[in-house]
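Quick note: residue numbers are just sequence positions, from 1.
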Amino acid sequence: MDLVERLRAAGCVFAEDEARLLRDAAATPGELETMAARRIAGEPLEHVVGWVEFAGRRWAVDPGVFVPRQRSELLVRTAASLGSENATVLDLCCGCGALGGATALALPGSRLVAADIDPVAVACAARNLAPLGGTAFAGDLFSPLLPDLRGTVTVLLANVPYVPTDAVALMPPEARDHEPRYALDGGPDGLDLLRRVAASAAGWLAPGGRLLTETSEAQAALAVAILTGAGLTAHVVKDDDLGATAVVARR
């Protein structure tokens, strides 16, 4: 109970659940105290225990790596409903690789490729995706990908950062202080990275291939316009239970 009270005093809303997870993850009382201190200091629980629950599976997530949000399951569910077996799945800005991995599991026989600009995230993604036969590359958006992927991607997950620069300071401290700025800041209107992805996406998508990206509800119309301007057809999908908005574009 002392641990629960300490977590609650630190502002952890689900203190009982977090205390249980910390106890389960710690091998010794000393390790438990170290982990509790990290969490009380504001480090994301997922970084402290070393994993995140996403789409019904645990994925390793290392300190400093973006933690996938539960609302992003909308991208996975939508991709699974649109894709087919033996798909080619590309996960850009992959972080720990959970979105691409979950999509590949939903589409048996898929070829799975992921990329991120951060080598730390790529190393984490590589560990998560290797058991699924996936590979992860370090580099800026499409730049590290092998040329043979061009024109073959049937599912392109582009979970790019979309928080406007001025709004990053308003995010919870565990995000803005412990996740990379590049994984949060989407530029003045939040859509700078999406513009860069849209400019090159058609060359990587197979005919009929889909690009899926998450946005805020307020950004959705502009995101559709950006993707339409890049020669794709696009529409908005929502999930009120997840509080999620996404845009799906088709070549």
Side-chain angles (χ1 to χ4, degrees), residues 1-77 93-102 105 116 118-132 136 159 161-185 214 216 239-245:
M1 288 304 298
D2 176 61
L3 176 56
V4 172
E5 291 164 3
R6 290 166 63 198
L7 290 167
R8 188 177 291 120
C12 301
V13 177
F14 302 104
E16 292 86 354
D17 293 337
E18 293 199 12
R20 174 179 52 81
L21 291 171
L22 289 169
R23 291 191 184 102
D24 289 346
T28 66
E31 186 177 5
L32 175 60
E33 179 55 34
T34 298
M35 296 173 74
R38 289 170 61 192
R39 178 59 182 140
I40 289 166
E43 193 169 345
L45 178 66
E46 295 83 358
H47 288 170
V48 175
V49 299
W51 55 266
V52 60
E53 181 86 20
F54 182 82
R57 183 185 178 102
R58 287 186 179 184
W59 307 87
V61 58
D62 295 334
V65 175
F66 180 80
V67 178
R69 307 331 192 217
Q70 297 305 308
R71 63 176 175 267
S72 298
E73 290 189 14
L74 175 59
L75 295 179
V76 174
R77 296 174 189 174
C93 303
C94 67
C96 73
L99 272 71
L105 285 170
D116 197 287
D118 182 8
V120 176
V122 170
C124 184
R127 297 202 316 273
N128 282 322
L129 302 184
L132 308 179
N159 194 27
Y162 60 89
V163 179
T165 299
D166 290 345
V168 173
L170 306 177
M171 297 184 71
E174 62 183 43
R176 68 172 188 262
D177 294 342
H178 295 279
E179 293 179 323
R181 176 79 181 219
Y182 81 87
L184 307 174
D185 189 342
E214 185 177 302
S216 69
D239 187 311
D240 292 335
D241 291 335
L242 289 172
T245 301

How many angstroms lie between atom [atom1] of [X] and atom [atom2] of [Y], to the nearest 0.5 angstrom?
X    : Y   : atom1 : atom2 : answer
T28  : M35 : OG1   : CE    : 10.0 Å
D241 : E73 : CG    : CD    : 11.5 Å
L129 : C96 : CG    : SG    : 8.5 Å

| query | Yes or no on side chain to side chain contact (heavy atoms under 4.5 Å, CB included) for V49 and R38, after CA distance, side-chain angles and deciding distance? | reply | CA-CA 10 Å; V49 299; R38 289 170 61 192; over 6 Å; no
| message | Counting only heavy atoms from other residues, nucleotides and ligands, does the tally under 6.0 Å from CG of D17 exceed 12? | response |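 Yes - once you tally the heavy atoms of other residues, nucleotides and ligands closer than 6.0 Å, there are more than 12.
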| message | Could you check whether atom CG of D240 has more than 12 heavy atoms from other residues, nucleotides or ligands sitting under 6.0 Å from it? | response |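 Atom CG in D240 is not packed in, count stays at 12 or less.
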Which atom names give the shortest non-hydrogen contact between [X] and [Y], and what distance separates them?
X    : Y    : result
V120 : P63  : CG1-O, 4.3 Å
C93  : P161 : SG-CD, 4.5 Å
P180 : V65  : CD-C, 4.4 Å
A121 : Y182 : CB-OH, 4.2 Å
A15  : V4   : CB-O, 3.6 Å

| query | Out of R39, R23, R6, which one pairs with E33 under the salt bridge (Lys or Arg N to Asp or Glu O under 4.0 Å) rule? | reply |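 By the salt bridge (Lys or Arg N to Asp or Glu O under 4.0 Å) criterion, E33 pairs with just one of R39, R23, R6: R6.
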| Criterion side chain to side chain contact (heavy atoms under 4.5 Å, CB included) on I40 and L7, from CA distance to verdict | CA-CA 6 Å; I40 289 166; L7 290 167; 4.0 Å; yes
| Any pair counted as side chain to side chain donor-acceptor pair (under 3.5 Å), so long as it reaches residues 44-65, sequence neighbours left out |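 The answer is D62-R127.
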| task | For residues N128 and V61, determine if any side-chain heavy atom of one lies less than 4.5 Å from a side-chain heavy atom of the other. | result |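 Side-chain contact under 4.5 Å: no.
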| request: Please identify each residue that fulfils side chain to side chain donor-acceptor pair (under 3.5 Å) with S72, with sequence neighbours left out. | output: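 If we apply the side chain to side chain donor-acceptor pair (under 3.5 Å) test to S72, skipping adjacent residues, the hits are E214.
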Distance-only, no hydrogens or angles: does the [X] side chain make a donor-acceptor pair with backbone N or O of [Y] under 3.5 Å?
X    : Y    : value
R176 : E174 : no
D239 : A244 : no
E31  : A26  : no
E179 : V67  : yes
D116 : V122 : no

| said: Test side chain to side chain contact (heavy atoms under 4.5 Å, CB included) on F54 and L99; report intermediate values, then the result. | reply: CA-CA 8 Å; F54 182 82; L99 272 71; 3.7 Å; yes
| task | Test T245 against L74 for side chain to side chain contact (heavy atoms under 4.5 Å, CB included), laying out the working first. | result | CA-CA 8 Å; T245 301; L74 175 59; 5.8 Å; no
